[in-house]
2 protein chains.
Amino acid sequence: MPERKPRKDAARNRAAVLAAADTLFTDCASPDDVTMADIAAAAGVGKGTLFRAFGDRVGLIGALYAARLEPVEEAVETGPPPLGPATPPLQRVPALLDALLCFKLDNRHLALALEGTGSGSPYQAAHYERWHALLRDMLEQLPGLPDSGFAAHALLAAVRADLVEHLAGEERVPREAMRSQLADYTAAFLRAPRDPE
Amino acid sequence: MPERKPRKDAARNRAAVLAAADTLFTDCASPDDVTMADIAAAAGVGKGTLFRAFGDRVGLIGALYAARLEPVEEAVETGPPPLGPATPPLQRVPALLDALLCFKLDNRHLALALEGTGSGSPYQAAHYERWHALLRDMLEQLPGLPDSGFAAHALLAAVRADLVEHLAGEERVPREAMRSQLADYTAAFLRAPRDPE
DNA sequence: TCATAAGCGGACCCCGGGTCCGTATTCTAG
DNA sequence: CTAGAATACGGACCCGGGGTCCGCTTATGA
């Protein structure tokens, strides 16, 4: 395949934009008061450059998000328990949800910016489908649970960026409290199946 | 309190706008390709009128949403079982979630428009807090469940408009299937407490 | 009927995402 | 090293949508 390597300045600019956007997003109160022009300016670059490199706003945010998310993905795909693939579902499901929660807590504005993108919802983001499939498959291995597809969606909905933001921001729930609440919630759901004693 | 009654034409126009917006939203593919100008035009009214009557876009959508939601609220507050207040929590919780799901199914675009409003999320909509409080209180009466506040959030997240839209639209899950999946999910969660046999 | 306040409408402003194209930079072949 | 093509740059520019403003119209009630 003729995958031509990009020019050096292009690569440098891309990196600069990514870096600038990153700090801007983490510093700002709401993701949508950081504009494309702001980012371009902060990166010392023209708007055109920015759009050529990432296509559009969603593309840029998506790239940032992907970069931040990469460690988590690696930990899930090839890491040690309890996140790695060798873990039995009963421990891995809560571990995954906890990891996702932590990620959203650590990248509030970014996740918010990505999920709140137009009416698109998070449901057409490439990542979402991956997490959903993974979670669904794990749930499927657990006997006696209801429709795994829906359950996976519902569990993922419990760690949606705006909910997390609301809890952390409005309700001032501290990080560890939120983690344990989520763990309890997950546990309650997973405890369900063994009912016919 | 000096609550002056509005002029007749004002009332008429308000109603016209509401009606026009309603049909526009239900007909259109995505909630954000119906603009304020469209609504004004469809209602045969100037933009100014529209903004004076509802403040801003969110206000208008909120008003529409509230109107549509009113029957549900009444059913919950003063209706017969299984939605009404006389129902024991174990039946009322699933009934409430089911009612909410049906509502979102029947008002997809509207709910989508309201929940997807900026980064505001649904969590600052007045209605949300009501549902959350109600659900939390019901959960509280059930022994052995984890933190009711979080659980209420998580359960409500399972019927969020964009998830419902995704399931109905992208995954083509039929209405009744979705209802039963939600019911199963809810049941699994509620079944949890009685574990120490 | 007339005075006054409430309401009306649509031209207008603002601002942000996205585009365009003349110019500058990098790459590559000779 | 150099010339030419290919690629990238940047910021002026466009467009569309939310929200405002103010001179004019219409309801109201004395």
Side-chain angles (χ1 to χ4, degrees), chain A residues 2-21 24-25 28-65 109 112-114 116-120, chain B residues 2-21 24-25 28-65 109-110 112-120:
Chain A
E3 177 116 353
R4 326 229 356 174
K5 55 177 55 180
R7 253 166 57 168
K8 228 177 296 182
D9 53 351
R12 184 167 35 78
N13 280 333
R14 183 183 173 92
V17 167
L18 238 27
L24 280 188
F25 273 117
C28 248
S30 167
D32 48 37
D33 49 42
V34 37
T35 88
M36 294 290 117
D38 290 342
I39 298 176
V45 141
K47 276 177 66 177
T49 303
L50 189 156
F51 279 96
R52 188 170 323 92
F54 299 98
D56 60 2
R57 185 168 229 264
V58 191
L60 168 51
I61 297 178
L64 256 184
Y65 193 82
H109 304 91
L112 221 40
L114 188 62
T117 220
S119 321
Chain B
E3 176 114 355
R4 332 225 357 171
K5 55 176 54 178
R7 254 165 57 167
K8 228 180 301 181
D9 51 353
R12 184 168 35 76
N13 280 333
R14 183 185 172 90
V17 167
L18 239 26
L24 279 188
F25 273 117
C28 247
S30 168
D32 48 35
D33 50 43
V34 36
T35 88
M36 293 291 116
D38 289 343
I39 298 176
V45 142
K47 274 176 68 177
T49 303
L50 189 155
F51 279 96
R52 188 169 320 91
F54 299 97
D56 60 2
R57 184 167 228 262
V58 191
L60 168 51
I61 298 179
L64 255 184
Y65 193 82
H109 303 90
L110 209 50
L112 222 41
L114 188 61
E115 294 192 7
T117 221
S119 321

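No experiment lies behind these values; they were computed from the predicted model shown.
- Taken to the nearest 0.5 Å, the CG atom of A:L60 stands 7.0 Å off from the CG atom of A:L18.
- On a pure distance criterion of 3.5 Å, no polar donor-acceptor pair joins the side chain of A:R52 and the base of C:dG18.
- Under a 3.5 Å cut-off, the side chain of A:R57 and the backbone N or O of A:M36 do not form any donor-acceptor pair.
- Straight-line distance from the CG atom of A:D38 to the C1' atom of C:dG17: 12 Å, rounded to whole Å.
- Looking at heavy atoms from C-beta onward, A:I39 lies in side-chain contact with A:F25 at the 4.5 angstrom threshold.
- For B:R14 and C:dG7, a side-chain-to-base donor-acceptor distance below 3.5 Å is absent, hydrogens and geometry of angles not being considered.
- B:R7 contributes a side-chain N or O that forms a donor-acceptor pair with the base of D:dT26 under 3.5 Å.
- Here C:dT26 presents its P atom at 16 Å from NZ of A:K5, a figure rounded to the nearest Å.
- Taking NZ of A:K8 as the start and CG of A:N13 as the end, the distance is 13.5 Å to the nearest 0.5 Å.
- In this structure, B:N13 does not reach the C:dG7 phosphate: none of its side-chain N or O atoms is under 4.0 Å from OP1 or OP2.
- In this model, the phosphate group of D:dG10 is approached by a side-chain N or O of A:T49 to a distance below 4.0 Å at OP1 or OP2.
- Not counting sequence neighbours, B:R52 has no partner by the side chain to side chain donor-acceptor pair (under 3.5 Å) test.
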* How does each nucleotide of nucleotides 14-19 of chain D score, in 5' to 3' order, for protein heavy atoms under 4.0 Å: base (B), sugar-phosphate only (S), or none (-)? -> ---SBB

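- One finds the CG atom of B:L24 at 12.0 Å from the NE2 atom of B:H109 (value rounded to the nearest 0.5 Å).
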